[in-house]
Q: 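Submitted below is the structure of interest, expressed as structure tokens.
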There are 2 protein chains.
Amino acid sequence: MLALVKSYGQYCGLARGLDLIGERWVLLIVRELLNGPRRYGELADGLPGIATNLLAERLRTMQANGLVERTDDDRYQLTALGQGLRDVVFAIGRWAYPLMGPISEGDAFRSQWIVHPVSALFPGVDPSRPELTIEVRCGGEPMTVRSAAGRVTVQEGQAAAPDLVLTGPPDVVIALLARRIDAPDAKARGLAVTGDARALRRLRPA
Amino acid sequence: MLALVKSYGQYCGLARGLDLIGERWVLLIVRELLNGPRRYGELADGLPGIATNLLAERLRTMQANGLVERTDDDRYQLTALGQGLRDVVFAIGRWAYPLMGPISEGDAFRSQWIVHPVSALFPGVDPSRPELTIEVRCGGEPMTVRSAAGRVTVQEGQAAAPDLVLTGPPDVVIALLARRIDAPDAKARGLAVTGDARALRRLRPA
DNA sequence: CTGCATCCGGGCCGATACTG
DNA sequence: CAGTATCGGCCCGGATGCAG
């Protein structure tokens with residue numbers, strides 16, 4: 001095996017982990033694959049800014065390191081080891097979230113990027129959560145947030161019969177779901193609401 | 001400010017976080033500083049393999065990004081934001097720990113690197129933990145693991161009157177503390193024990 | 001001696017062109 | 001669609017210099 005990646009050569013768990021995930025783009029590729037298996041072109045689209053040769057090389061290295069494998073239909077998916085990085089991705093996201101300002105002009109955005117922050121807002125199972133289906137439109141493909149049987153899931157695609165449709169910038173949508181702002185504030189910041197926004201209050205306690 | 005670091009330019013919490021901590025060596029510098037303020041030379045010693053110019057440049061960037069600040073006596077220490085990375089460092093360590101084999105010849109090691117894995121073994125407060133002081137010698141400066149008032153702490157330096165002294169390779173010491181192996185196995189793998197190793201059983205439930 | 005700065009060779013990154 | 005080939009430039013790593 002070619003150890004192309006420069007190892008830190010330190011007997012330390014953090015250093016060993018960074019030998020596998022410390023290179024540029026690796027954790028962002030993991031972010032995309034945490035939502036399920038993806039084709040090469042889908043990954044390239046979800047990683048604006050990556051060069052095609054780098055994506056190919058990273059996928060090869062991640063495969064050699066046991067993070068990624070190919071499916072029967074030639075898509076890429078995380079191995080069990082790769083799935084274990086969910087906690088790492090969420091830990092970094094939680095840490096970085098407070099220092100995210102409003103979205104700026106030069107920032108790229110993909111609608112699937114709201115899956116992790118929204119999932120983090122509604123962890124685990126809470127039977128007191130109401131049945132609720134929300135369609136979110138932040139640009140690109142619409143996303144569906146569904147609360148059912150106490151569990152909240154986020155999927156790509158529009159909802160069949162949403163109770164609520166939120167259309168606007170991603171930072172405003174997330175702030176509203178997190179109840180850091182209320183509906184009038186969100187509307188002042190560019191959000192359009194179809195349906196009864198008061199349903200959100202029962203989804204997440206203040 | 002000069003944004004020297006190449007940003008991913010993605011409106012995503014993970015990408016924003018990696019803009020600050022994704023560069024090589026940054027999280028390892030955080031690892032060192034999580035144990036308290038350090039001088040430049042101490043950092044260099046705790047980061048074998050780093051080039052001196054890189055350490056200086058990283059510290060400057062981390063200071064500009066609000067992760068690190070200087071103390072009155074010109075040492076480096078983490079800001080509140082930098083301290084928040086403890087969860088990230090631990091998440092990566094937990095993930096990577098299972099894929100660490102025994103220490104190999106080319107690996108560098110520093111005794112302070114056992115602080116995080118040992119701390120992770122004994123989280124929070126547990127009143128049922130016995131009062132116990134263990135001196136650990138894995139090479140370099142000895143370390144002291146102290147269980148007092150239900151809380152386990154790890155510090156540099158030897159203990160005044162340890163109940164137990166463990167001398168041997170770091171992987172064996174940690175495996176014994178984690179109770180993944182027992183005392184006879186540990187001795188077979190190069191560990192020397194002074195005192196009654198049975199005291200460890202009360203420190204951590206099987 | 002500590003705490004960096006400078007210099008240099010090689011490799012990685014990023015953009016583009018190209019191919020089955 | 002799914003990569004491979006190529007190339008300029010920047011970053012990394014190692015050695016050395018030097019000021020307080």
Side-chain angles (χ1 to χ4, degrees), chain A residues 1-10 15 18-30 32-33 36-65 68-77 106-108 110 141, chain B residues 2-10 15 18-30 32-33 36-65 68-77 106-108 110:
Chain A
M1 221 289 286
L2 297 173
L4 294 172
V5 186
K6 177 73 177 169
S7 164
Y8 285 110
Q10 299 184 356
L18 291 174
D19 284 343
L20 299 186
I21 62 171
E23 275 183 318
R24 204 162 159 75
W25 295 107
V26 169
L27 280 182
L28 296 187
I29 293 172
V30 170
E32 296 298 309
L33 291 177
R38 290 293 126 102
R39 306 191 173 284
Y40 186 90
E42 295 173 324
L43 287 174
D45 179 71
L47 295 161
I50 198 173
T52 174
N53 59 341
L54 271 192
L55 177 56
E57 193 203 294
R58 289 295 182 271
L59 288 170
R60 254 190 314 252
T61 305
M62 293 169 75
Q63 223 171 323
N65 288 337
V68 161
E69 60 195 0
R70 306 294 289 263
T71 63
D72 294 337
D73 58 346
D74 257 16
R75 292 187 297 176
Y76 295 90
Q77 71 179 353
D107 286 334
R110 297 292 182 273
E141 186 79 0
Chain B
L2 297 171
L4 294 172
V5 185
K6 176 75 179 166
S7 165
Y8 285 109
Q10 299 183 356
L18 291 173
D19 284 343
L20 299 185
I21 62 171
E23 273 184 320
R24 207 163 158 73
W25 295 107
V26 169
L27 280 182
L28 296 186
I29 294 172
V30 170
E32 295 298 309
L33 292 177
R38 290 294 127 101
R39 306 193 171 283
Y40 185 90
E42 295 173 323
L43 288 174
D45 180 70
L47 296 161
I50 197 171
T52 173
N53 58 343
L54 271 191
L55 176 56
E57 192 203 294
R58 289 294 182 273
L59 287 169
R60 244 178 291 137
T61 305
M62 293 170 74
Q63 224 171 323
N65 288 337
V68 160
E69 61 194 1
R70 307 294 288 264
T71 63
D72 294 338
D73 58 345
D74 257 13
R75 292 188 297 175
Y76 296 90
Q77 71 179 353
D107 285 333
R110 297 292 183 271

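Predicted, not measured: the structure shown is a model, and the values here were computed from it. Heavy atoms only: backbone and side chains are in, while hydrogens, waters and symmetry mates are out. Labels below follow one simple rule: chain letters A, B, ... track the order of the sequence lines, proteins then strands, and each chain is numbered from 1.
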Q: Within the pair Trp25(B) and dG13(D), is there a side-chain N or O less than 4.0 Å away from OP1 or OP2?
A: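 Checking dG13(D) against Trp25(B), a side-chain N or O does come within under 4.0 Å of OP1 or OP2.
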Q: Using atom CG of Leu18(A) as one end and atom C1' of dC12(D) as the other, report the distance to the nearest whole Å.
A: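 Taking atom C1' of dC12(D) as the reference, CG of Leu18(A) is at 16 Å.
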Q: Taking the side chain of Tyr76(B) as heavy atoms from C-beta outward, which of dG3(D), dG13(D), dC4(C) is closest to it?
A: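 Of the options given, the side chain of Tyr76(B) lies nearest dC4(C).
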Q: Taking distance alone, no hydrogens or angles, what donor-acceptor pairs closer than 3.5 Å link side-chain atoms of residues 48-60 of chain B to residues at least two apart or in another chain?
A:
unit_1: Thr52(B); atom_1: OG1; unit_2: Tyr40(B); atom_2: OH; d: 2.9
unit_1: Arg58(B); atom_1: NE; unit_2: Arg24(B); atom_2: O; d: 2.8

Q: Tell me, please, which residues at least two apart from Glu32(B) pass side chain to side chain donor-acceptor pair (under 3.5 Å).
A: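 Testing Glu32(B) for side chain to side chain donor-acceptor pair (under 3.5 Å), a comparison that skips the adjacent residues, returns Gln112(B), Trp113(B).
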Q: Taking only heavy atoms on the protein side, list every residue of residues 36-47 of chain A lying under 4.0 Å from any atom of DNA chain D, sorted numerically.
A: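 Close to the strand are Arg39(A), Tyr40(A), Gly41(A).
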Q: Quick one: side chain to side chain donor-acceptor pair (under 3.5 Å) partners of Glu69(A), sequence neighbours excluded?
A: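 Partners of Glu69(A) by the side chain to side chain donor-acceptor pair (under 3.5 Å) criterion, ordered by chain and then number, come out as Gln77(A).
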Q: Could you check whether Arg75(B) gets within reach of a base, just the sugar-phosphate, or nothing at all, counting any heavy atom under 4.0 Å?
A: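 No contact.
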Q: Using salt bridge (charged side-chain N to carboxylate O under 4.0 Å, His left out) as the criterion, list what pairs up with Asp72(B), not counting sequence neighbours.
A: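 So Asp72(B) forms no salt bridge (charged side-chain N to carboxylate O under 4.0 Å, His left out) with any residue.
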Q: Could I get the full list of side chain to side chain donor-acceptor pair (under 3.5 Å) partners for Asp73(B), not counting sequence neighbours?
A: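 Counting only residues at least two positions away or on another chain, Asp73(B) forms a side chain to side chain donor-acceptor pair (under 3.5 Å) with Thr71(B), Arg75(B).
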Q: Holding to side chain to side chain donor-acceptor pair (under 3.5 Å), I want the full list of residues that pass it with Arg39(B), two or more places apart in sequence or in another chain.
A: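 If we apply the side chain to side chain donor-acceptor pair (under 3.5 Å) test to Arg39(B), skipping adjacent residues, there are no hits.
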Q: Taking only N and O in the side chain of Arg24(B), is any of them less than 4.0 Å away from OP1 or OP2 of dC12(C)?
A: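 So the side-chain polar atoms of Arg24(B) never come under 4.0 Å of the phosphate oxygens OP1 or OP2 of dC12(C).
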Q: Would you work out how much the helix from dC1(C)-dG20(D) to dG20(C)-dC1(D) bends between its ends, with each end axis defined by five base pairs, to 10 degrees?
A: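 Answer for the end axes of this duplex: 30°.
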Q: Under 4.0 Å between a side-chain N or O of Tyr8(B) and OP1 or OP2 of dC13(C)?
A: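 Indeed not, no polar side-chain atom of Tyr8(B) lies that close.
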Q: If a protein heavy atom is under 4.0 Å from the base, mark B; if only from the sugar-phosphate, S; if neither, -; do that for nucleotides 15-20 of chain C going 5' to 3'.
A: BBB---
Q: Any base atoms under 4.0 Å from Arg60(A), or only sugar-phosphate, or nothing? Heavy atoms, all strands.
A: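 Sugar-phosphate, backbone atoms only, no base.
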Q: Answer yes or no: is there a donor N or O on one side and an acceptor on the other, between the side chain of Tyr8(A) and the main chain of Ala108(B), under 3.5 Å?
A: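 Side chain of Tyr8(A) to backbone of Ala108(B): no pair is present.
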Q: Out of dC13(C), dC12(D), dC4(C), which nucleotide sits closest to the side chain of Arg70(B)?
A: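 For Arg70(B), the side-chain atoms sit closest to dC4(C).
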Q: Tell me the interatomic distance from Leu59(B), atom CG, to dG3(C), atom P, rounded to whole angstroms.
A: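 Rounding to the nearest Å, CG of Leu59(B) and P of dG3(C) are 11 Å apart.
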